[in-house]
Amino acid sequence: MASVSLKHIYKKYPGGVTAVSDFCLEIKDKEFLILVGPSGCGKTTTLRMIAGLEEITEGELFIGDKLVNDVAPKDRDIAMVFQNYALYPHMTVFDNMAFGLKLRKTPKEEIKRRVEEAARILDITHLLDRKPKALSGGQKQRVALGRAIVRKPTVFLLDEPLSNLDAKLRATMRTELTKIHQRIGTTFIYVTHDQTEAMTMATRIVVMKDGLIQQVDTPQNLYDMPINLFVAGFIGTPQMNFVDCELEEDHGEMFLNFGNSSVKLPPEKANNPILKDYVGKEVVMGVRPECIHDDQKTIDAMPGSVIECDVEVTELMGAEIYLYLECDQQKFTAKVSNRSKARAGDVIKVAIDASKIHLFDKDTERFIIH
């Protein structure tokens with residue numbers, strides 16, 4: 001069993017600084033859990049408390065059924081992979097991977113078997129005789145992972161392990177890490193500020209801000225049903241568009257008005273009884289860039305949610321174009337087909353897919369409807 005349980009965990013530093021507040025989480029056996037959030041949100045501090053490298057101020061931490069608050073890092077049966085690899089430059093790849101096992105007085109034959117098995121999983125068998133200075137960044141990262149794998153820990157802790165790699169290698173290593181997790185069937189707890197890594201690898205994601213958990217859910221649920229404005233804006237690239245609107249009711253139909261523009265809510269959203277409390281009030285409309293369309297066929301099909309915009313900038317991204325728009329002093333980003341004819345300086349009409357709109361309370365910033 002390699003479940004991890006964090007119960008009301010706090011980390012407070014001298015001077016009244018609280019890095020992590022009331023952190024409660026049950027991490028399942030063999031789960032790939034990712035902690036994500038902006039710099040300074042407490043995710044690495046949480047990981048270091050699980051590793052035993054930071055003392056827990058309050059709360060209880062269990063690995064399996066064992067309370068480990070006062071257990072030394074070496075006795076927690078965890079392995080940590082750092083951002084900077086931390087390889088010994090004078091040792092070969094084999095010796096780097098075998099080092100932890102030698103300290104534990106593991107028999108030589110067992111060390112050889114485990115290192116070769118890990119090297120095969122990571123496709124670095126041909127590198128075992130090399131020194132770290134002869135390796136690329138991606139190869140060093142695999143060696144650091146291999147050093148952790150040979151110990152056969154119950155929990156892997158990974159602190160931004162891909163942040164030093166170039167964009168193409170990061171994409172490759174994301175796939176490799178997912179495969180490694182599936183092969184070795186161990187609990188992975190992974191920290192990153194990169195939400196693409198989180199969305200592509202995690203079974204569940206913990207979104208953090210200012211030391212507090214904002215939401216814990218599967219990648220798809222976080223994307224489709226963000227609990228508040230912060231999560232909605234943090235998950236997704238480009239980020240969700242937010243517009244301050246006034247909700248108005250007219251003959252049983254609901255409209256979101258901003259400036260001289262208006263978006264009609266479809267019946268499945270308009271009929272939600274919770275909206276009655278917000279009629280005549282300001283709310284925040286959230287709409288993802290891919291839900292704003294500039295093709296004529298979609299515009300004709302959605303007459304109730306067509307707005308007129310100035311095109312400020314266009315970015316060709318290959319398969320799609322990002323349009324940076326302004327409408328009634330509100331900024332929008334649209335992700336449209338690369339066949340779009342829109343150019344900077346144009347005035348165009350776009351249709352907002354009102355069935356995909358999210359509404360948030362302007363004061364509490366919590367969601368009203370998805």
Side-chain angles (χ1 to χ4, degrees), residues 1-2 4 29-33 44 47-54 63-64 66 68 71-165 169-170 172-192 201:
M1 272 292 287
V4 179
D29 185 32
K30 298 179 183 173
E31 187 167 19
F32 198 137
L33 183 107
T44 294
L47 196 75
R48 289 173 64 82
M49 284 192 285
I50 296 170
L53 303 175
E54 289 277 0
I63 297 178
K66 184 181 179 185
V68 296
V71 175
K74 66 184 177 63
D75 300 322
R76 291 193 181 194
D77 202 12
I78 51 100
M80 192 155 178
V81 179
F82 295 94
Q83 180 177 339
N84 60 0
Y85 319 134
L87 303 177
Y88 295 107
H90 62 287
M91 292 184 185
T92 63
V93 166
F94 183 97
D95 290 334
N96 263 288
M97 289 170 67
F99 187 70
L101 297 178
K102 286 177 181 173
L103 286 180
R104 294 179 175 205
K105 307 282 196 294
T106 308
K108 278 187 178 178
E109 281 304 308
E110 176 69 4
I111 290 175
K112 186 171 184 292
R113 187 187 66 76
R114 286 205 204 176
V115 170
E116 287 175 352
E117 182 188 4
R120 193 169 62 253
I121 289 170
L122 294 162
D123 194 23
I124 53 172
T125 304
H126 61 295
L127 304 175
L128 289 175
D129 295 328
R130 291 194 195 175
K131 298 271 181 74
K133 66 182 178 186
L135 304 178
S136 69
Q139 289 168 336
K140 287 177 185 172
Q141 187 59 74
R142 286 169 192 246
V143 175
L145 280 166
R147 186 176 53 196
I149 289 170
V150 296
R151 290 178 47 202
K152 297 191 174 174
T154 54
V155 181
F156 272 88
L157 306 177
L158 301 104
D159 187 10
E160 304 211 23
L162 308 185
S163 60
N164 290 340
L165 306 181
L169 193 52
R170 283 177 85 149
T172 307
M173 284 301 292
R174 284 203 303 264
T175 311
E176 291 302 315
L177 274 172
T178 305
K179 286 183 192 168
I180 290 162
H181 174 252
Q182 289 163 353
R183 276 186 209 137
I184 64 179
T186 306
T187 307
F188 275 42
I189 306 173
Y190 186 109
V191 159
T192 182
M201 295 193 295

Provide the closest heavy-atom pair for [X] versus [Y] in the form atom of the first, atom of the second, distance.
X      : Y      : result
Pro153 : Ala79  : CG-CB, 3.5 Å
Thr186 : Val155 : CG2-N, 4.0 Å
Ala148 : Val81  : CB-CG2, 3.9 Å
Ala2   : Asp29  : N-OD1, 3.2 Å
Thr192 : Glu160 : CA-CG, 4.0 Å

Side chain Asp159, main chain Phe82, donor-acceptor under 3.5 Å: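 It does not hold such a pair.
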Donor-acceptor pair, side chain of Asn96 and main chain of Tyr88, under 3.5 angstrom: yes
[X]: side chain to side chain donor-acceptor pair (under 3.5 Å) partners, not counting sequence neighbours:
X      : value
Thr92  : Asp95
Thr106 : none
Arg170 : Asp194, Glu197

At what distance, to the nearest 0.5 angstrom, does [atom1] of [X] lie from [atom2] of [Y]?
X      : Y      : atom1 : atom2 : value
Leu122 : Glu176 : CG    : CD    : 8.5 Å
Gln182 : Phe32  : CD    : CZ    : 10.0 Å
Leu87  : Lys133 : CG    : NZ    : 14.0 Å
Met173 : Leu145 : CE    : CG    : 5.5 Å
Thr178 : Arg183 : OG1   : CZ    : 11.0 Å

Inter- and intrachain pairs under side chain to side chain donor-acceptor pair (under 3.5 Å), touching residues 139-151, at least two apart: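 As it turns out, the side chain to side chain donor-acceptor pair (under 3.5 Å) pairs with a partner in residues 139-151, which skip direct neighbours, are Ser136-Gln139.
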Parallel, tilted or perpendicular: rings of His181 and Phe188 (30°, 60°): perpendicular
Evaluation steps, side chain to side chain contact (heavy atoms under 4.5 Å, CB included), between Val143 and Met97: CA-CA 7 Å; Val143 175; Met97 289 170 67; 4.1 Å; yes
Set of residues satisfying side-chain contact (heavy atoms from CB on, under 4.5 Å) with respect to Lys30, sequence neighbours excluded: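 For Lys30, no residue satisfies side-chain contact (heavy atoms from CB on, under 4.5 Å) once neighbours in sequence are set aside.
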By side-chain contact (heavy atoms from CB on, under 4.5 Å) - contacts of Ala51 (at least two apart): Leu53, Ile78, Met80, Leu157
Glu110 bridged to Arg113 by N-O distance under 4.0 Å: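 Counted as a salt bridge, because a side-chain N and a carboxylate O are separated by less than 4.0 Å.
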NZ/NE/NH1/NH2 to OD/OE distance under 4.0 Å, Arg120 and Glu117: no
Asp129, CG: over 12 other non-hydrogen atoms inside 6.0 angstrom: no
Within 6.0 angstrom of Lys66 NZ, more than 12 heavy atoms from elsewhere: no
CA sep, side-chain torsions, deciding dist, call: Val71, Ile63, side chain to side chain contact (heavy atoms under 4.5 Å, CB included): CA-CA 11 Å; Val71 175; Ile63 297 178; over 6 Å; no
Check against side chain to side chain contact (heavy atoms under 4.5 Å, CB included), Thr154 and Thr187: CA-CA 7 Å; Thr154 54; Thr187 307; over 6 Å; no
Full working for side chain to side chain contact (heavy atoms under 4.5 Å, CB included) between Leu158 and Leu177: CA-CA 11 Å; Leu158 301 104; Leu177 274 172; 4.2 Å; yes
